[in-house]
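Shown next, in structure tokens, is the structure this report addresses.
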Amino acid sequence: MRRVTIHSVRAGDVLAKPILRENGHVLLGMGVELTERFIERLRDMQVDTLFIEDNMTEDIMPEEVIREETRKRAVDSIHKTMTSIMDTPTTRGRAVAPEMGRTFRSVFGQIFQDLVGRKDILVSLTNIHVADAYLFQHSVNVAVLAGIMGIAKGYNRTQIEELGIGALMFDVGMTKVPAEILNKKTPLTPEERKIMERHTTDGFEILRKQHDISLLSAHCALQHHERYNGSGYPRGLQRNEIHEYAQIVALADVYDAMTSPRSYRNRHTPSETIEFLFAAGNSIFDLDLIKLFCKHISIYPVATTVVLNTGQTGVISANNPLAVHRPTVRIVKEADGSSPKTPYELDLKDQLHVLITKEI
């Protein structure tokens, strides 16, 4: 299979991976033949990339960081919990979702089991979803990335669980943001931005009332917009004043947000996002955390279509954990536009004169 932009898809192409709804259920399944109507509808739903079947890359299979059933259960739990909170009036001093702690302890436990069962933790996030699913899928992605960081830092099981639950529910305060602000496609006014920024304190208030959720998990909601240099909110904390769990969640939040399409901008590639993160070292984020985080991120995810400085087009077929910026590329189009009679691969760690110039 290969990953391509929606602009490259043609009627008759066949989906190689499903597209998910906001609750984690399948909108269009693997094997569906796309029509012009389907493609136009997907554009309207802000789906900007797809995995399609391709004879030259049929054996290229991007590995899911967590199993499909794990992701579906996590998204469904977040969707149900957040929509329940949206429908429940705030009650002072009372938990709005009494089973929240138990639910998300179980959900993150499965995510953790999937992560520790991997041979390595060089990962990419390959799920494709409609725009309305962003909040729920984003929360799962942040929890996955945070879990990887917890493992890499050598946290014990209790610490990883506290971090994971905080990461799953770090954006729960968004349930209190009015829909007209949350979905606004033009810049927010200063008054609207103040309302939006309250999601950190609102999320903390929701989580701290749950008798079986750690206060440290709740601080992921409170502090995930604090910044290393003190420029964040709600309290302008800096450096070690920000709990490490919240620093990890903030890093994962920004990475997944930048690599996801939004209504007001296109997605950034993983390589572009990693460049941004390093530029933000010891300014927005702790540089040591950035270095650890980027050790476990696939800069060029398997099945990504790329253009080389030779003019050839290829598909990433494998990553090298010891040289993540030099993957193996299967050539599917020569510089003159012709297709090779037999697909062949270039291992960029051995072909030092060959560079990836862009993803398409």
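Heavy-atom basis, side chains included; hydrogens, waters and symmetry copies ignored. Sequential numbering from 1 along the given sequence is applied to the chain's residues.
- Distance CZ/Arg208 to CD1/Ile213: 13.0 Å, rounded to 0.5 Å.
- Residues Ile148 and Val65 are in side-chain contact: their nearest non-hydrogen atoms beyond the backbone lie under 4.5 Å apart.
- Pairs engaging residues 142-200 under the ring pair (Phe, Tyr, Trp, His ring centres under 6.0 Å) rule: His138-Phe170, Tyr155-Tyr245, Phe170-His224, His199-His224, His199-His225 [sequence neighbours left out].
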Exercise. Walk me through it: do Asp54 and Arg330 pass the test salt bridge (Lys or Arg N to Asp or Glu O under 4.0 Å)?
Key: CA-CA 12 Å; Asp54 173 35; Arg330 181 171 299 173; over 6 Å; no

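- The backbone N or O of Glu334 lies less than 3.5 Å from no partner atom in the side chain of Ser338, so there is not a single donor-acceptor pair.
- Looking only at distances, a side-chain donor or acceptor of Asn229 sits under 3.5 Å from a matching main-chain atom of Ser283.
- With a 4.5 Å cut-off on side-chain heavy atoms, Pro327 and Leu348 count as touching.
- Annotation for Ala303 and Met1: closest pair CB-O, 3.9 Å, computed over non-hydrogen atoms.
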Practice problem: Assess whether side chain to side chain contact (heavy atoms under 4.5 Å, CB included) is satisfied between Ile195 and Arg198, documenting all intermediate values. | Solution: CA-CA 5 Å; Ile195 294 171; Arg198 286 208 303 262; 4.0 Å; yes

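- Between Asp212 and Arg105, the shortest heavy-atom contact is O-NH2, 2.6 Å.
- A distance-only check finds a donor-acceptor pair linking the side chain of Thr357 to the backbone of Val307 [under 3.5 Å].
- Side chains of Arg239 and Tyr228: a donor-acceptor N/O pair is present below 3.5 angstrom, by distance only.
- Under the 4.5 Å side-chain heavy-atom criterion for ILVMFWY residues, a single connected hydrophobic cluster contains both Phe276 and Met149.
- Looking at Val315 and Val306, their side chains never come closer than 4.5 Å, going by heavy atoms from C-beta outward.
- Here the CD1 atom belonging to Ile331 is positioned 12.0 Å from the NZ atom belonging to Lys333, to the nearest 0.5 angstrom.
- Rounding to the nearest 0.5 Å gives a distance of 8.5 Å between CG of Asn319 and CD1 of Ile299.
- Leu216 CG to Leu207 CG: the interatomic distance, rounded to the nearest 0.5 Å, is 12.0 Å.
- Scanning all heavy atoms of the two residues, the minimum distance from Met169 to Ala221 falls at O-CB, 4.5 Å.
- Between Glu40 and Arg37 there is no salt bridge, since no side-chain nitrogen of the basic residue lies less than 4.0 Å from a carboxylate oxygen of the acidic one.
- Residue Asn156 places its CG atom among more than 12 non-hydrogen atoms of other residues, nucleotides or ligands, all under 6.0 Å distant.
- Of the N and O atoms on the side chains of Arg71 and Asn141, at least one donor lies less than 3.5 Å from an acceptor on the other residue.
- The shortest heavy-atom contact between Ala252 and Ala146 is CB-N, 4.4 Å.
- In this structure, Phe293 is a member of the same hydrophobic cluster as Val116, with clusters built from ILVMFWY side-chain heavy atoms closer than 4.5 Å.
- Between the side chain of Thr81 and the backbone N or O of Ile78, no donor-acceptor pair lies under 3.5 Å.
- Note that OG of Ser77 and CG of Asn23 are 11.5 Å apart. Values are rounded to the nearest 0.5 Å.
- A single hydrophobic cluster is not seen to contain both Met30 and Leu20; linkage of ILVMFWY side chains at heavy-atom distances under 4.5 Å, directly or through other members, places them apart.
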Quiz item: When you look at Leu308 and Leu346, which way does the side chain to side chain contact (heavy atoms under 4.5 Å, CB included) test go after all the steps?
Solution: CA-CA 11 Å; Leu308 306 178; Leu346 298 178; 4.2 Å; yes

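- Applying the under-4.5 Å side-chain rule to Ile, Leu, Val, Met, Phe, Trp and Tyr, the cluster around Ile242 extends to Leu237.
- Panel note: side chain Asn309, backbone Leu355; a donor-acceptor pair is recorded below 3.5 Å.
- Note: Tyr134 OH to Ser139 OG = 8.5 Å, rounded to the nearest 0.5 Å.
- The two atoms that bring Leu50 and Leu15 nearest to each other are CD2-CD2, 4.1 Å, heavy atoms only.
- Residues Glu345 and Ser317 have side chains that bring a donor and an acceptor to within less than 3.5 angstrom of each other.
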Quiz item: Could you go step by step and tell me if Arg235 and Glu226 meet the salt bridge (Lys or Arg N to Asp or Glu O under 4.0 Å) rule?
Solution: CA-CA 7 Å; Arg235 296 173 60 198; Glu226 301 286 3; 5.6 Å; no

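- Both Val4 and Ile6 belong to a common hydrophobic cluster when Ile, Leu, Val, Met, Phe, Trp and Tyr are linked at side-chain heavy-atom distances under 4.5 angstrom.
- Counting heavy atoms from C-beta on, the side chains of Ile160 and Phe108 come closer than 4.5 Å.
- A side-chain donor-acceptor contact under 3.5 Å links Asn282 to the backbone of Leu287.
- Side-chain contact between Leu222 and Pro234 is present, with heavy atoms from C-beta onward closer than 4.5 Å.
- Side-chain N or O atoms of Asp171 include none that pairs as donor or acceptor with a backbone N or O of Met174 at under 3.5 Å.
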Exercise. Test side chain to side chain contact (heavy atoms under 4.5 Å, CB included) on Tyr233 and Arg227 and set out the steps.
Key: CA-CA 8 Å; Tyr233 64 87; Arg227 294 296 180 250; over 6 Å; no

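- When all heavy atoms of Gly24 and Gln137 are compared, the closest pair comes out as CA-NE2, 4.3 Å.
- A 4.5 Å side-chain heavy-atom check between Phe38 and Asp13 finds every atom pair outside the cut-off.
- Around CD of Glu69, the count of heavy atoms belonging to other residues, nucleotides or ligands within 6.0 Å exceeds 12.
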Quiz item: side chain to side chain donor-acceptor pair (under 3.5 Å) between Arg326 and Gln351: does it pass, once the steps are laid out?
Solution: CA-CA 9 Å; Arg326 306 296 289 170; Gln351 304 286 330; over 6 Å; no

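- Val172 and Phe204 fall into different hydrophobic clusters, where Ile, Leu, Val, Met, Phe, Trp and Tyr side chains are chained together by heavy-atom contacts under 4.5 Å.
- Taking the side chain as every heavy atom from C-beta outward, Gln223 and Glu241 never approach each other to under 4.5 Å.
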Quiz prompt | Residues Thr70, Glu64; criterion side chain to side chain contact (heavy atoms under 4.5 Å, CB included); working and verdict | solution = CA-CA 11 Å; Thr70 299; Glu64 294 288 352; over 6 Å; no

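- At a threshold of 4.5 Å between non-hydrogen side-chain atoms, the residues Val354 and Gln312 do not count as touching.
- With hydrogens and angles disregarded, no donor-acceptor distance shorter than 3.5 Å links the side chain of Asp114 to the backbone of Ile111.
- Of the residues listed (Lys72, Lys80, Arg73), the one engaging Asp76 in a salt bridge (charged side-chain N to carboxylate O under 4.0 Å, His left out) is Lys80, and it is the only one.
- Counting non-hydrogen atoms of neighbouring residues, nucleotides and ligands closer than 6.0 angstrom, the CZ atom of Arg193 reaches no more than 12 such neighbours.
- Atom CZ of Arg41 sits in a sparse spot, with 12 or fewer heavy atoms from other residues, nucleotides or ligands closer than 6.0 Å.
- Checked by atom type and distance alone, the side chain of Asn183 pairs as donor or acceptor with a backbone atom of Ala179 at under 3.5 Å.
- For the pair Gln110 (side chain) and Ser106 (backbone), a donor-acceptor distance under 3.5 Å is absent.
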